[in-house]
Amino acid sequence: MLRTHTCGELRTSHAGQAVTLCGWAHSVRDHGGLVFITLRDRYGFTQVVVEPGASQSAAECARGIHRESVLRIRGTVSQRPEGTWNNTIATGQVEVIAGDIEIMSDAAPILPVEVSDDKLANEEARLRYRYIDLRRHSLQANMHARHRAALAVRNWLEKQDFIEIQTPLFVRSTPEGARDFVVPSRNFPGMFYALPQSPQLYKQLLMIAGFDRYFQLAPCFRDEDQRADRQLVHTQIDLEMSFCDEEDVFTIVEGIISAAFKAVNGVEVKGPFPRLSYDEAMERFGSDKPDLRFGLEMRDLTDLVSESEFGIFREVCASGGRVRGLAATGCAHFSRKETDELADIAKIYKAKGIITLKIEEGQVRGSVAKYLSEDAQRGIVKRLQAVDGDLVIITADDPEVSAVSLGQVRRFLGRKLGLIREGDYKLLWVTEFPLFEWNPDENRWEAKHHIFTQPREQDLPILESDPAAVKGRLYDLVLNGVEMGSGSIRINNPELQKRVMNIVGTTTEDAERKFGFLLHAYEYGGPVHGGFAIGFDRLIAVILGLENLRDVIAFPQNAAGVSLVDDCPNEIDLKQWQELHIRPAESVVPRSGSR
RNA sequence: GGGGGCGUGGUGUAGCGGUUAACAUGCCUGCCUGUCACGCAGGAGAUCGCGGGUUCGAUUCCCGUCGCUCCCGCCA
């Protein structure tokens with residue numbers, strides 16, 4: 001090695017030793033005669049002192065060092081004089097007296113982004129110069145945390161007899177679900193590979209093959225629009241196990257989550273995590289991924305107001321809609337501007353508006369109060385456990401809209417009112433999801449999770465007659481209001497599989513074409529099995545308290561899906577088009593040069 | 001596909017219908033032997049994203065466009 005120690009290593013016990021350090025010039029402080037250089041590497045900071053008396057050549061060299069240049073410094077470790085210790089760095093009691101400085105790589109004097117966690121440059125610049133931005137302490141720490149978590153998860157799963165098996169990255173394209181990324185085949189004109197949205201089908205085959213406990217840290221590709229918590233490529237902790245039920249999967253996943261927390265920040269999280277059915281989550285929190293770090297629970301008020309004088313309530317109730325409310329603690333003083341803000345949130349989620357009532361001096365006040373009977377007013381106050389100073393917020397819409405829009409108002413209020421304690425982690429399982437979802441655009445039922453999910457046994461008789469009421473053996477893991485992953489117990493019975501496919505309108509020929517290989521596989525001995533997939537990037541981000549996945553991914557894409565560091569996607573040569581037997585659509589004008 | 005926000009020296013910000021476009025930091029020069037975001041003095045550095053309009057005059061107001069970002073849709 002070109003160095004004897006790292007920049008985080010030296011202590012007073014090393015005093016007197018001759019050492020060689022390599023690193024980046026984090027800051028250079030020139031005092032004329034005396035120059036201080038803070039040298040940085042992955043491991044920490046070490047102060048180098050350049051004294052003209054100690055080395056004339058080093059002193060001359062030190063004068064022209066640019067920040068972020070790579071230096072190799074030979075010198076002697078020395079305990080710092082009394083009163084000059086720096087307690088903010090681990091090596092703060094020592095310094096290296098430079099004997100020789102070698103500028104291994106001179107950095108340009110003006111940097112496009114700063115290596116500093118305060119005052120960040122705009123994200124575009126930071127992504128374009130990601131290799132500089134990654135030098136920041138917080139990103140280095142995030143990458144370390146991610147590594148520790150991956151290692152801990154692998155070790156823990158190995159102890160539970162899971163083995164990691166890689167599955168193909170070139171897979172069969174299926175029209176279901178997210179849009180596929182697609183790779184044209186050179187050998188088969190007009191044919192394409194797809195990049196996997198998840199290893200789902202392969203892990204089912206692995207169960208049939210007898211690998212009864214499989215896992216994988218698997219890259220997953222989905223060509224959909226980006227969000228702060230969604231990247232085109234993300235990593236799942238994917239797992240599947242045979243001869244199990246929900247409880248077994250929960251136990252394993254709880255163990256994984258505990259291991260990850262412990263590895264990332266030492267927080268103790270232990271199972272079993274609380275559980276909530278999908279229906280209950282929607283009723284109480286207006287979300288299938290409720291944030292349980294605060295209260296502000298919702299209640300149904302439909303029965304109390306269906307006979308009221310208020311037209312909106314009457315109409316909504318008469319047409320099968322629902323009226324829901326929550327009591328916002330101490331918000332009766334909200335200004336018009338503030339309640340409008342709440343209404344705007346609700347409107348984003350398709351609500352027509354919100355109705356607010358103030359609770360003051362034991363009275364219900366507000367423009368709608370006069371339309372509500374004494375009984376209705378008392379009933380609302382009682383059901384929402386509202387007290388003086390509260391603001392009652394009500395939505396009235398179709399069942400889903402009234403729940404979701406009020407749920408989003410609740411989420412907003414939780415933050416606005418500062419009800420979320422930093423460092424608080426609330427995990428829960430959401431269970432008994434509906435198996436099917438009605439797609440009004442295509443006028444048909446769709447699988448909520450995927451078509452391989454088992455219906456609950458008690459729902460088998462109504463499978464065809466009332467698909468909306470059928471619940472699946474389907475579960476999500478939620479952490480602080482973020483969906484961390486989902487899984488299910490799979491169908492391993494070809495007859496049942498056919499019934500489910502019939503409901504979502506997959507004909508036998510369709511099924512044969514798309515999933516024939518999988519369906520046939522179950523004809524040769526398919527065990528009962530189930531599994532789960534955890535969004536690994538999200539997990540690390542939420543544990544670290546970060547909102548954006550880019551902070552836990554070394555080379556992420558921007559919101560448009562562009563990898564700025566290498567300017568990808570990029571155009572390809574005409575020859576490549578030809579080899580792949582494809583040509584651009586008429587409407588496409590190939591871009592020339594880079595963006 | 002739709003909506004919101006943002007775009008001013010390398011970087012982060014301020015500003016305003018008429019300015020010499022301000023401040024901080026970085027950079028360059030000089031001084032400085034105990035700093036650690038060193039300090040002090042001086043200096044360079046911006047066609048205010050782009051195009052059009054309104055106006056005597058636009059960085060500022062309006063329209064369009066591009067880029068970034070967040071959200072809705074989408075994401076089995």
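Letters A, B, ... mirror the listed sequences (proteins, then strands); counts begin at 1.
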Can you find a donor-acceptor N/O pair under 3.5 angstrom joining the side chain of A/Glu95 to the base of B/G34?
-> yes
Presence of A/Arg63 side-chain N/O under 4.0 Å of B/C28 phosphate oxygens OP1/OP2 | no
So what does A/Lys350 touch, heavy atoms closer than 4.0 Å: a base, only the sugar-phosphate, or nothing?
-> nothing
Checking all strands, does A/Asp30 fall into the base, sugar-phosphate, or nothing category for heavy-atom contacts under 4.0 angstrom?
-> base
If you look at every strand shown and take non-hydrogen atoms under 4.0 Å, does A/His26 touch a base, only sugar-phosphate, or nothing?
-> nothing
Nearest-Å distance, CZ (A/Arg29) to P (B/G34)?
-> 13 Å
When you check the phosphate oxygens OP1 and OP2 of B/U11, does a side-chain N or O of A/Asn122 lie under 4.0 Å from one of them?
-> no
Does B/G67 pair with anything, Watson-Crick or G-U wobble, both distances under 3.5 Å, and if so, with which nucleotide?
-> B/C6
Would you please classify the geometry between the A/Tyr475 ring and the A/Phe532 ring as parallel, tilted or perpendicular, with 30° and 60° separating the classes?
-> parallel
With heavy atoms under 4.0 Å as the rule, sort A/Ser198 into base, sugar-phosphate or nothing.
-> base
For residues A/Arg29 and A/Ser27, is any side-chain donor paired with an opposing acceptor at under 3.5 Å?
-> yes
Would you say A/Thr84 reaches B/C36's phosphate, i.e. side-chain N/O to OP1/OP2 under 4.0 Å?
-> no
Look through every strand shown and name the nucleotide pairing with B/C61 as Watson-Crick or G-U wobble, where both distances are under 3.5 Å.
-> B/G53
Can you find a side-chain donor-acceptor pair between A/Gln216 and A/Thr167 that sits under 3.5 Å?
-> yes
Side-chain donor-acceptor contact under 3.5 Å, A/Arg490 with A/Ser488 | yes
Going by 5.5 Å between centroids and 30° between planes, is there a stack of A/His31 over B/C32?
-> no
Atom CD of A/Glu124 to atom C1' of B/U11: distance rounded to whole Å?
-> 14 Å
